[in-house]
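The next block holds one structure in the form of structure tokens; read it before the comments.
Both counts, for ligands and for their atoms, begin at 1 and track the order of listing. All values below come from the heavy atoms of this structure, side chains included, with hydrogens, waters and symmetry mates left out.
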Amino acid sequence: MQQKNLNPDPIFELVKKEEERQKEMIGLIPSENHSSEAVRSVLSSCLSSKYAEGYPKRRYYEGNQIIDEIEILAQERLKKLFAVPHVNVQPYSGSPANSAVEFALLEAGDTMMGLALSSGGHLTHGHPKVTFSGRYFKSVQYGLDQNARIDYEQVRQLALEHRPKLIVAGTTAYPFALDFQKFAAIADEVGAYLLADISHITGLVATGEHQSPVPYAHVVMSTTHKTFRGPRGAMIMVTQKGLDKDPDLADKIDKAVFPALQGGPHNETTAAIAIAAAEALQPEFKQYGKQIRLNAQALASALREAGLKLVGDGTDNHLLLIDLTPFGEGFGTQVAFALDVAGIYANRNTIPSEPCSPFYPSGLRIGTPLVTTRGMKEQEMTKIAQWIGRVVDHIKTEQLPVEQAARRAFLQDFKKRMAKDEVLLKIRAEVKELASTFPLFAW
Ligand SMILES: Cc1ncc(COP(=O)(O)O)c(C=O)c1O
């Protein structure tokens, strides 16, 4: 990778260090994954040197005969994998892809509905004020019931009241299965488009580990770098149901991606998506999807045994939310930091009805795609849960001050002390010993 004339650019040393960090630590961030050597190799290929504005056979630049073949292959493989008639693989990432769907289907001021961020929805699903979707459309947000499951009755009541043009069914911090059929019944009743954002669960949908939205939604969006295990990117699929509702839907989506919101596609990403799709079509990927859920369930039961409380008491998918309120409000911040010192990286997250704040949340969001890709199984999940339990137990007296003004100083001091804490560093050595025996990509 290192080139003669670039030597000694410190960037190469930093990349090496990051690789070491990933190998020595255990990653539990549910939106991350490691991809195969094949996926990674095309990302640094000559494909990144080519401009290809437009779509296959309709480009605005010459010299795209081969790029056309690559993009068509990516489309065809995804059409086969998800059984859809149309796919756009050009969105630069998930947020631009959702913006493109919203731009294609709505006019400024139209109403859309999505799951609130505080209930596990994504920013691009209409989070008010700070996002494109929340600023340019009238956004109505739905939430969860008392069991931390999506409140479908509330979704229906809000839809009947506000008559949205678009309903988004998708989540970023939700441990349970989505019922796309129920969403479709509500969307159909009010004549709305249904967008299924399956970014987190694509790999589970592709392997039959989660209900597919394809028979129910008009449009399906997904990032390609989470459970799908591909490059950072996104795809927008138009279903047969979508084309039946609006024969121009595919054209509207394509025009929203380019030229409305983007320029030239990143061909190296397109090629990597094509490779990830071929990998997902292999029988081995089915095994991978299954193991992601088995690992999540093993993690859930071992965490409960370690005395930790889970939002909704479990998981149906790849993700778990640990409710840390029994240890004090806002405790997610301390736990996430202490775990990082102990060699386990996860992310602090709000829990439903968060009592503290998004900056000092009371939960921890964890998931199994990364560790499953490394080849870890149920017995490693038990060890990981025990380490998490030990870390929480070790820092349980480290309470966030109630006064806002004192919090920053407390955390600064906490971080300084934890960075050299012997108990955490001992766990870090144990984590490293285990992690180092697993490659980053074992499939
Ligand atoms: C459900 C969902 N949609 C969209 C996105 C946005 O993807 P990106 O970060 O690639 O823009 C995410 C990212 O976490 C997500 O979880």
Identified salt bridge (charged side-chain N to carboxylate O under 4.0 Å, His left out) counterpart of E71 within the set R59, K50, R58: R59
H210 ring center within less than 6.0 Å of F180 ring center: yes
Heteroatom distance test ([X], ligand 1): nitrogen or oxygen, under 3.5 angstrom:
X	answer
G94	yes
S93	yes
S95	yes
T172	yes
T171	no
D197	yes

Reported CG-to-CG distance for the pair N98 and D197, which is rounded to 0.5 angstrom: 4.5 Å
Separation between CD1 of I273 and CD of E268, rounded to the nearest 0.5 Å: 10.0 Å
Per-atom contacts, ligand 1 versus H200 - under 4.0 Å to a heavy atom: 16 (O)
Minimum-distance protein heavy atom relative to atom 15 (C) of ligand 1: H122 CD2, 3.4 Å
Contact check, side chains of S35 and H225, non-hydrogen atoms, under 4.5 Å: no
F359 six-ring face occupied by R348 cation (under 6.0 Å, within 45°): yes
Geometric cation-pi criterion, R21 with Y345: 6.0 Å, 45°: yes
Ligand 1 contact on R232 by region, counting heavy-atom pairs under 4.0 Å: neither
